[in-house]
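First comes the structure, then the notes that go with it.
No hydrogens, no waters, no symmetry mates; every other heavy atom, side chains included, goes into these values. For the single chain, residues carry numbers from 1 onward in sequence order.
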Amino acid sequence: MHNILTPDPVSPMPSPSAFASKTPSDLARLVSAATGLTMDILGLPFDVARAHYARAVQLGLIERSMLASRDFSRTVGALEQLTLGAWARRV
């Protein structure tokens, strides 16, 4: 029977040799994947704004206009660049 007051055993931290056994390309792939995931998470509010704009156009709340869509997209892209800096995605 497991007692809820007793903590589960914690797995030990990996030793530095565990990271040393990875090749540079493995580490580069890991860093690249983590960077991409971080950029996607940070860009989520801007994607939500784009989705809401598109939905408002579909519902007829905003006029269907390629020029207005372009302007909105540029504005959101500029806000993303300004807010996130180097972490912003390149569209």
Problem - Closest approach of L84 to L42 (non-hydrogen atoms, all atoms of both residues) - result: CD1-O, 3.7 Å
Completion exercise
Here the pair of heavy atoms bringing L79 nearest to F46 is C-CE2, 4.0 Å
Measuring from [X]:[atom1] to [Y]:[atom2], what's the distance to the nearest 0.5 Å?
{"X": "L44", "Y": "M39", "atom1": "CG", "atom2": "CE", "value": "14.0 Å"}
{"X": "I41", "Y": "L37", "atom1": "CD1", "atom2": "CG", "value": "4.0 Å"}
{"X": "H52", "Y": "L59", "atom1": "NE2", "atom2": "CG", "value": "11.0 Å"}

Side-chain donor or acceptor of [X] paired with backbone N/O of [Y] under 3.5 Å:
{"X": "S32", "Y": "A28", "result": "no"}
{"X": "R89", "Y": "G43", "result": "yes"}
{"X": "S73", "Y": "S69", "result": "no"}

Problem - Student check: side-chain heavy atoms of L61 and V57 closer than 4.5 Å - result: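 Not in contact.
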Practice task
Could you check if a side-chain atom of T35 sits within less than 4.5 angstrom of a side-chain atom of W87, using non-hydrogen atoms only?
Solution key: yes
Problem - Partner of E80 by salt bridge (charged side-chain N to carboxylate O under 4.0 Å, His left out), out of R90, R74, R50 - result: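 Option passing the salt bridge (charged side-chain N to carboxylate O under 4.0 Å, His left out) with E80: R50.
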Practice task
Look at atom CD of Q58 and say whether more than 12 heavy atoms of other residues, nucleotides or ligands are closer to it than 6.0 Å.
Solution key: yes
